[in-house]
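Report on the structure given below.
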Amino acid sequence: MDNRHAGIGMTSQRTRLRMVERLRDQGVRDEILLAAMSEIPRHIFVDEALAHRAYEELALPIGFGQTISSPRIVARMLEMARSGRTIGRALEVGTGCGYQAAVLSRLATEVWSVERISQLVMKARLNLRELRIQNVRLKHADGHLGMKESAPFDAIILAAAATHVPEALLEQLAVGGRLVMPMGTRDQFLTLIERTEQSYTQTTLDPVRFVPMVLGAPS
Ligand code: SAH
């Protein structure tokens, strides 16, 4: 680990472990997820000027009007998607800076992540490369379409809010798979969709606040 990864003071391993303790206090129970979050240096995913705040319970700006989700939200979504299982194939919609994809890379065998803003795809690619993460593949595309060529997915996670589950994502969810997303416009709720043999079940969870999912992927 070089110095930037190791960090000092507010970006040190000790600060990261305090973040994990806080998540545990807030009710996150998945120790494999907590171990992953204690390993991934969140501060390298945000601007240097904000690095000292990377381990606070904050959503921070990552440019292009987008934000990296707060640690508690990342933990909540991934805990819900994992539900104690090892994930085979995972799809993330909304790569942003790549932080959640990096944590997910420790929980799934293979990860695909789709982002509509090409500059963020490049940013995320550099971040993941810096951490030598090799089981995440990024694609510049509109996540509404999912990634048919790599489906079915055992877990699908949306990092942007939509009013309904995109049809393609329902189709690309494996039987027994779990899809977690923020649902709604102004009032949003974390929502879990599970695919059964015959159909889908939907569970509404906590109120949340996410950037909206936007149609199209400008080149
Ligand atoms: N998981 C990210 C959080 C990113 S915020 C992280 O860890 O940093 C949500 C992201 O969803 C933004 O980058 C936004 O550009 C992206 N997004 C919004 N609509 C999208 C769409 N239709 N397809 C793909 N990405 C989308």
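One-based numbering, in listed order, for ligands and for the atoms of each. Keep in mind it's a predicted model, so treat the numbers as computed, not measured.
At the top of the distance list for atom 11 (O) of ligand 1, counting protein heavy atoms only, stands Gly94 CA, 3.2 Å. For atom 15 (O) of ligand 1, the nearest protein heavy atom (residue, atom name, distance) is Glu115 OE2, 2.6 Å. Of all protein heavy atoms, the one closest to atom 9 (C) of ligand 1 is Ala159 O, 3.3 Å.
Polar contact with ligand 1: absent for Thr67 (N/O pair, distance under 3.5 Å). The N/O atoms of Val214, backbone and side chain alike, include one that comes under 3.5 Å of an N/O atom in ligand 1. Any N or O atom pair closer than 3.5 Å counts here, and Asp142 shares at least one such pair with ligand 1. Ligand 1 has a nitrogen or oxygen under 3.5 angstrom from a nitrogen or oxygen of Gly143.
Nearest heavy-atom pair across Tyr200 and Glu171 is OH-N, 4.1 Å. Nearest heavy atom pair, residue Leu128 against residue Ala102, reads CD2-CB, 3.8 Å.
Those atoms of ligand 1 that come under 4.0 Å of a heavy atom in His144, given as number and element, are 22 (N). Against a heavy-atom cut-off of under 4.0 Å, Leu120 is close to the following atoms of ligand 1: 13 (O). Of all atoms in ligand 1, listed by their number and element, those nearer than 4.0 Å to a heavy atom of Ile117 are 15 (O). Each of the atoms 8 (O) of ligand 1 lies under 4.0 Å from some heavy atom of Ile68. Residue contact check: Thr95 has heavy atoms under 4.0 Å from atoms 1 (N), 2 (C), 6 (C), 8 (O) of ligand 1. Against a heavy-atom cut-off of under 4.0 Å, Gln100 is close to the following atoms of ligand 1: 1 (N), 7 (O). Close approach of ligand 1 to Cys97 (heavy-atom distance below 4.0 Å) involves ligand atoms 8 (O). Taking every heavy atom of Ala141 and a limit of under 4.0 angstrom, the matching atoms of ligand 1 come to 23 (N), 24 (C).
For Lys139 and Glu149, the salt-bridge test passes: some basic side-chain N is under 4.0 Å from an acidic carboxylate O. Salt bridge Glu21/Arg24: present, at least one basic N to carboxylate O contact under 4.0 Å.
Both the backbone and the side chain of Met213 come within 4.0 Å of ligand 1, counting heavy atoms alone. At a 4.0 Å heavy-atom cut-off, ligand 1 touches Val211 through the side chain alone.
Contact check for Ser150 versus Gln172: no side-chain heavy atoms found under the 4.5 Å cut-off. Met10 is not listed as a side-chain neighbour of Tyr55, based on a closest heavy-atom distance of 4.5 Å or more. The closest side-chain heavy-atom distance from Leu33 to Leu23 is not below 4.5 Å.
Nearest to atom 18 (C) of ligand 1 by heavy-atom distance, out of Met77, Gln66, Glu92, Arg116, is Arg116.
A 6.0 Å sphere centred on CZ of Arg137 holds more than 12 heavy atoms belonging to other residues, nucleotides or ligands. Residue Arg85 places its CZ atom among more than 12 non-hydrogen atoms of other residues, nucleotides or ligands, all under 6.0 Å distant. Within 6.0 Å of CD in Glu48 there are 12 or fewer heavy atoms belonging to other residues, nucleotides or ligands.
Note that Arg42 lies in the cation-pi zone of Tyr99, set by a 6.0 Å cut-off to the ring centre and a 45° limit from the axis.
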